Amino acid sequence: MSVKSIAAKIFAQIIHAKTQKWVRHPIETQRTVFENLLATAKETQFGKDHNFAKIKSYEDFAKQVPIRDYEELRPYVDRVVKGESDILWKGKPLYFAKTSGTTSGAKYIPLTKESMPFHIEAARNAILGYIHETGKTDFVDGKMIFLQGSPILEEKKGIKLGRLSGIVAHFVPKYLQKNRMPSWATNCIEDWETKVDAIVEETFNKNMTVISGIPSWVQMYFEKLEQKGNKPVGEIFKNFNLFIYGGVNYEPYRAKFENLIGRKVDSIELFPASEGFFAYQSRNFGSKNEEGMLLLLNSGIFYEFVKSSEFFNDSEGTAPKRYTIGEVELNVNYVLIISTNAGLWAYNIGDTVQFTSLKPYRVIVSGRIKHYISAFGEHVIGKEVEHALKEAMEDSNIRVNEFTVAPQIAPESGLPFHEWFIEFENEPENLNDFALKIDAAMRKQNAYYDDLIVGKVLRTLVISKVQKNGFQEYMKSIGKLGGQNKIPRLSNDRKIADLLLRK
């Protein structure tokens, strides 16, 4: 065992002990975070506008600070972007994480000297948790790669900005810099396809032990490796045994990845975003992550939750009920609301979660509050379509590269239906039988959808095949190929569907 491996085990034990301290006291931990956030920000413009100095309880906070999304918080963010101090958080941010919004254009998410360390520590602690739980350390001596955005940063009023993954690249610990790939020059390539080709050339003969990134884009890297080496990725990288991912559910990709790799590897699921690092997997790394991820309650983020079924229900003119960590229930779909040490207050990030455990608090990402289908009142969510597809593929050699679902409200003939756009690696022998399996799985999960089928409001779903690399071409056509960009699993309109049908 190398010196680095021994040190990693010791460090893992220390971090595990620290983590357990707040895991055992979740409600008290969140209360402390809440009080510190208010105390620090009470003299900011936002704090003055919302009477932070007079807030004595969470109930006071909920009355004073309404839930906002980016557009609603934008008047404050715009002032920060213009260079003003003490607006959302004390002083000025260290960085802006620049993301692309669907309605807002570019979004500028502040990263402060208080929030930035938690992004780095959470990713580190996820790996240390894996070491503590499994005892495996051999990977620390090999090469590691994270498929990420360019680390080249712009500047706005003295504040640097870029993609979160590009900003994080500037914070790689010294003890990992010799292990980290690709090279700085390759990482700076902007064109995604060119970048992946360069990464393949650079890593092909290296001792890769850890590979990380969004599954859909790691898949492209693996396919190019397989083409170059004419053998599975697991034979090219014989010591590759840990895949770290986030951003999308891995399950629709798992069978394809195991086929590309040629064997099973351990995996760690992360839940990071520009707005904060919320959770990571801390158990069962060698199997499907059905337990969920440990919610990070001691990371400068105060969490609130709103039932997604009530989120848009304003018929009585009252805001939906907001729940704190001590009030949540298992298996309920919640919209995640955060207040952070980067100056986001009662902020709706758009993700929905479900709790799989309350001791400790573990979550799965169930979808996006704006990504659903409810053209007929069925309110289908991302978790349901992913589970249905996974169930339909079980015990078969069917492989799916990518998919998305949209309603077809006005077909040329017959009843309306849900249209599933699927890019297959291995197609089913009978597409109609496969569609019926998915449909049956959907009806078991969603009673509203089942009622619509039984009541002959909808017909069973229809699969439309997408040509090879069709989703990559779609993402390229809208300028979102690679990086942290993802295909929405669900749309309540036909915008994506119509573009896919033209190809």
Side-chain angles (χ1 to χ4, degrees), residues 1-16 116-152 163-189 195-215 217-218 221-222 224-225 228-229 233-246 257 261 263 265-270 272 277 280-281 285-286 483-484:
M1 185 179 288
S2 69
V3 172
K4 188 180 283 189
S5 293
I6 295 170
K9 278 197 171 184
I10 295 171
F11 195 18
Q13 290 175 344
I14 293 170
I15 295 302
H16 176 74
M116 196 67 224
F118 285 111
H119 284 275
I120 311 305
E121 289 174 13
R124 179 203 69 190
N125 291 353
I127 297 174
L128 291 172
Y130 169 80
I131 291 172
H132 181 269
E133 185 77 9
T134 65
K136 298 176 182 179
T137 58
D138 290 349
F139 67 89
V140 304
D141 295 309
K143 297 290 186 181
M144 306 177 187
I145 188 171
F146 182 81
L147 294 181
Q148 59 189 181
S150 170
I152 297 174
R163 298 287 182 183
L164 176 64
S165 59
I167 294 170
V168 168
H170 292 262
F171 289 83
V172 176
K174 288 184 179 179
Y175 61 84
L176 284 181
Q177 286 179 2
K178 288 185 179 179
N179 301 65
R180 179 177 173 273
M181 295 194 80
S183 66
W184 188 267
T186 296
N187 219 12
C188 290
I189 297 173
K195 182 174 187 169
V196 173
D197 287 338
I199 292 172
V200 168
E201 293 301 318
E202 198 168 281
T203 59
F204 189 76
N205 292 316
K206 298 295 189 296
N207 179 30
M208 304 301 302
T209 57
V210 178
I211 296 172
S212 178
I214 291 177
W217 305 121
V218 175
Y221 170 54
F222 282 176
K224 288 178 179 288
L225 281 167
K228 179 176 174 62
V233 173
E235 290 184 28
I236 298 170
F237 301 142
K238 297 186 183 301
N239 296 316
F240 165 47
N241 282 301
L242 181 59
F243 174 50
I244 304 173
Y245 67 94
F257 268 56
I261 298 167
R263 53 183 164 82
V265 299
D266 286 355
S267 60
I268 306 175
E269 182 177 8
L270 311 178
F277 202 122
Y280 57 71
Q281 184 179 352
F285 303 101
Q484 305 303 105

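Keep in mind it's a predicted model, so treat the numbers as computed, not measured.
When the ring-ring contact (aromatic ring centres under 6.0 Å, His included) test is applied to F243, the partners found at least two apart in sequence or on another chain are Y245, Y250, F257. The side-chain contact (heavy atoms from CB on, under 4.5 Å) check on K143 picks up M181, K206, M208, with sequence neighbours excluded.
Contact record, S212 with F146: OG-CD1, 2.9 Å, taken as the closest heavy-atom pair.
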Evaluation steps, side-chain contact (heavy atoms from CB on, under 4.5 Å), between R124 and I120: CA-CA 6 Å; R124 179 203 69 190; I120 311 305; 5.6 Å; no
Passes side-chain contact (heavy atoms from CB on, under 4.5 Å), T203 versus F237? Steps please. CA-CA 9 Å; T203 59; F237 301 142; 4.1 Å; yes
What do the steps show when you test I127 against M144 for side-chain contact (heavy atoms from CB on, under 4.5 Å), and what is the final call? CA-CA 12 Å; I127 297 174; M144 306 177 187; 5.7 Å; no
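Considering CD of E201 and OG1 of T186, their distance stands at 10.0 Å, rounded to 0.5 Å. To the nearest 0.5 Å, atom OH of residue Y280 and atom CD1 of residue I244 are 12.5 Å apart. To the nearest 0.5 Å, atoms CG (L270) and CD1 (I214) are separated by 11.0 Å. A distance of 4.5 Å separates CD1 of I145 from CD1 of I199, quoted to the nearest 0.5 Å. Rounding to the nearest 0.5 angstrom, the gap separating the OG atom in S150 from the CD1 atom in I189 is 9.5 Å. We find the CD1-CG distance between I131 and L242 to be 9.0 Å, quoted to the nearest 0.5 Å.
A donor-acceptor pair under 3.5 Å is formed between the side chain of T209 and the backbone N or O of F139. Listed for the E202 side chain is a donor-acceptor partner under 3.5 Å among the backbone atoms of S183. Between the side chain of K195 and the backbone N or O of N187, at least one donor-acceptor pair lies under 3.5 Å.
The shortest side-chain heavy-atom distance between P151 and H170 falls under the 4.5 Å cut-off. Side-chain contact between D197 and K224: present, with at least one pair of heavy atoms (C-beta onward) separated by less than 4.5 Å. Contact annotation: the side chain of K228 never approaches that of I236 to less than 4.5 Å [non-hydrogen atoms, C-beta and beyond]. By the 4.5 Å heavy-atom criterion applied to side chains, D266 and N241 are not counted as neighbours.
Around the CG atom of N207, the shell of radius 6.0 Å holds more than 12 heavy atoms that belong to other residues, nucleotides or ligands.
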